[in-house]
Amino acid sequence: MKGPIFELRDVWKTYCMKGVETNALRGINLVIKDGEYTAILGPSGSGKSTLMHIMGCLDTPTKGKVFIEGREISQMSDDELARVRRDKIGFVFQAYNLIQGLTAIENISLPMRFSGHGRGESQRKAKDLLAKVGLVERMHHKPNEMSGGEQQRVAIARSLINDPDVILADEPTGNLDTKTGKEIMDLLESLHKKTGKTIMVVTHDTRLAARANREIRMIDGHVVEK
Amino acid sequence: MIDLALKDLSEHKVRTILTALGIFIAITAIVSLGSISTGLNQLITESTGSIGSDTIFVMRTFDMSEMVGPPGSYQIEDMEREDVEFLASLPGVKRAVPIIARQFGGMFEVDAVDMDNVDLFGVENVEFMEGTWPDNEDKGAVLGYLAASTMDVVVGDYIILPGSKKDIEVEVMGIFEEGSGAYDLVILLPYEFGDEIYETDGGATQVMLEPTDVSVVQEVKDTIEEENDDLDAMTMQDALSMMEEATGTLNIMTFGIGFVASLVAAIGIIITMYTSVLERRKQIGIMKAVGAVRRMILQQILEEGLMLSAVSSVLAVLVSFFFVEMLNQVLLGGAELALITPALAGGAIAYGVLLTVLSSMYPAWVAVKTDPIKAIRGVM
Ligand SMILES: Nc1ncnc2c1ncn2[C@@H]1O[C@H](COP(=O)(O)OP(=O)(O)OP(=O)(O)O)[C@@H](O)[C@H]1O
Ligand SMILES: [Mg+2]
């Protein structure tokens with residue numbers, strides 16, 4: 001049997017700003033199984049983003065251990081972490097974080113280019129993904145020529161290009177109106193259903209969260225399972 | 001990822017062009033100055049070929065400090081008949097060829113030399129455009145192309161040479177082909193006739209000596225200088241080392257100017273690349289966040305630098321060809337002095353690229369160190 005995709009053991013994250021210490025995470029213990037669809041709720045400042053960044057290999061814990069498919073990430077070098085981000089994890093951000101100078105198709109193909117694939121091959125796959133998120137006609141548009149919902153769909157397509165096992169989405173609907181937000185959540189949900197990818201979504205919307213298999217609440221750097 | 005680097009360069013056209021200009025100026029300076037050094041070196045090699053390398057030049061001792069004024073305005077005093085005879089009688093001397101030399105017009109030179117011995121003068125292979133050599137008994141001369149065209153004469157015309165004591169008429173008997181180098185500027189006549197015109201009474205401005213064997217060159221030179229205080233003997237070796245000294249100075253100058261220009265270019269590259277990296281921190285952070293390893297980031301910055309420098313260095317070399325042509329045509333009156341060899345051109349391009357890659361190192365390192373978290377959280 002395949003082990004859990006994520007395992008966190010007593011994970012702490014402490015920020016130090018001008019001598020003031022903030023404990024963003026205070027001893028998180030969490031196991032996420034392969035194929036789970038998890039929603040994370042919690043008030044602002046409770047550490048949701050910090051947790052997502054650590055699980056997404058963008059940041060490392062101050063204390064404790066994080067395992068991804070049994071491999072411990074706190075021992076990894078910058079480049080090893082980058083490779084895990086590239087190959088295993090697709091990240092979707094609240095602020096989309098597309099590269100302004102590049103078109104939709106170029107943005108989507110970027111992670112595939114980073115893994116050594118050629119331009120043509122990467123753009124072919126990017127085009128397929130654009131079709132999946134319903135944006136083929138926006139292929140050559142730059143981010144500032146697209147709406148927020150369209151940009152987020154491009155970002156989702158980008159997160160999928162290297163066929164990752166996990167999608168981590170940190171408030172993907174935070175900048176969108178209710179209707180567009182729902183469309184994005186539908187898209188993530190269908191991904192889970194069709195491909196069985198492990199999905200974790202941070203949201204403030206309890207109704208959207210209720211559609212997940214599992215709900216996790218964060219309060220003050222602690223995880224409270226519902 | 002060349003396409004991405006290109007995209008970035010074209011998005012900041014002004015900045016790209018300014019940096020390219022810095023590289024361009026540095027490389028143009030290096031190639032143009034370097035071409036003069038290269039040309040001089042070539043000239044030295046060629047002149048050793050045309051004049052016998054064992055020839056000894058003898059003239060009256062002169063004081064360097066008196067050589068002021070424009071080139072050609074200083075006339076070395078002539079040697080007496082006895083001096084010439086003394087030189088001819090020395091052991092180890094096979095041939096002694098006296099030459100009466102007079103400068104005029106700041107550019108032209110009259111040389112009176114025995115017509116049977118012009119080979120020692122290095123002129124026997126020069127082609128004629130018109131006419132031919134005068135005989136030793138003739139009252140005529142051969143003119144270099146530029147000398148003839150300046151004076152507007154053809155074969156059969158008569159001229160009076162400047163400094164001629166009794167306004168003796170000289171018949172133009174031959175004109176050299178155009179592009180015969182230094183011989184474009186020369187007027188050659190038989191020694192006897194020159195002696196008559198300038199009333200040198202068997203004397204000479206310079207005597208060229210051909211030794212019996214190359215091994216006695218130094219010996220002959222030493223004997224002359226020991227036995228006659230008034231005479232200076234210069235071997236081809238001496239002349240070569242003097243010219244080499246001159247090219248050495250020029251090389252140092254090229255190096256100095258090249259160094260300063262490179263420094264300015266390098267600072268320009270560092271500043272532009274650094275600004276470009278700072279401006280793009282968010283973009284670089286996102287690239288890292290979605291899986292770019294350090295090498296990818298480094299590669300993109302260096303690729304930008306490479307393209308920038310390759311294009312501007314190649315352009316610089318092309319424009320230098322044009323500059324050097326102008327220099328040769330306008331300043332040096334058609335003499336092919338400055339020379340861009342393939343080695344010089346290739347070396348300069350390689351240098352421009354290397355300079356850029358080295359200067360891009362620090363900005364590239366700053367790019368590599370970008371923290372993806374900051375880009376994600378929107379701190380940048
Ligand atoms: N770089 C940092 N330096 C200092 N403190 C930080 C830093 N990043 C985050 N924090 C602090 O850590 C705590 C958790 O932040 P985090 O962004 O994880 O919260 P969040 O739950 O995602 O909030 P929100 O819902 O507003 O996005 C906050 O108190 C925040 O101020
Ligand atoms: Mg957050």
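Hydrogens, waters and symmetry mates are skipped; everything else that's a heavy atom, side chains included, is used. Values in this document were obtained by computation on a predicted structure and should not be read as measured data.
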*Check A:A82 against B:A292 and note the closest heavy-atom contact, atom names and distance.*
CB-O, 3.8 Å

*Please look at A:L98 and chain B and tell me whether the side chain, the backbone, both or neither of the residue comes under 4.5 angstrom of a heavy atom of that chain.*
backbone

*Using non-hydrogen atoms only, which part of B:I376 is less than 4.5 Å away from chain A: side chain, backbone, both, or neither?*
both

_With a 6.0 Å cut-off (strictly less than), is the heavy-atom count around OH of B:Y351, excluding the residue itself, greater than 12?_
yes

*Interface moiety of A:E106 toward chain B, non-hydrogen atoms closer than 4.5 Å*: side chain

*Should the heavy atoms of other residues, nucleotides or ligands under 6.0 Å from CZ of B:F255 be counted, would the total exceed 12?*
no

*For the student: nearest non-hydrogen atoms of A:N97 and B:A375, plus distance*: OD1-O, 4.0 Å

*Look up atom CD1 in A:I99 and atom NZ in B:K282, then write down how far apart they are to the nearest 0.5 Å.*
10.0 Å

*Select all residues of residues 116-143 of chain A having any heavy atom within less than 4.5 Å of some heavy atom of chain B, and report them by number, or 'none'.*
A:R119, A:K142

_Within residues 44-58 of chain A, residues adjacent to chain B where the heavy-atom gap is under 4.5 Å_ = A:S49, A:T50, A:H53, A:L58

_Closer than 3.5 angstrom, by distance alone: can the side chain of A:D79 be matched with the main-chain N or O of B:R294 as a donor-acceptor pair?_
yes

_Walk me through whether B:V293 and A:F114 qualify under side chain to side chain contact (heavy atoms under 4.5 Å, CB included)._
CA-CA 8 Å; B:V293 293; A:F114 291 151; over 6 Å; no

_Which residues share a side-chain contact (heavy atoms from CB on, under 4.5 Å) with B:E245, sequence neighbours left out_ = none

*Those residues of residues 83-91 of chain A, ordered by number, that approach chain B below 4.5 Å (heavy atom to heavy atom)*: A:R83, A:R85, A:R86

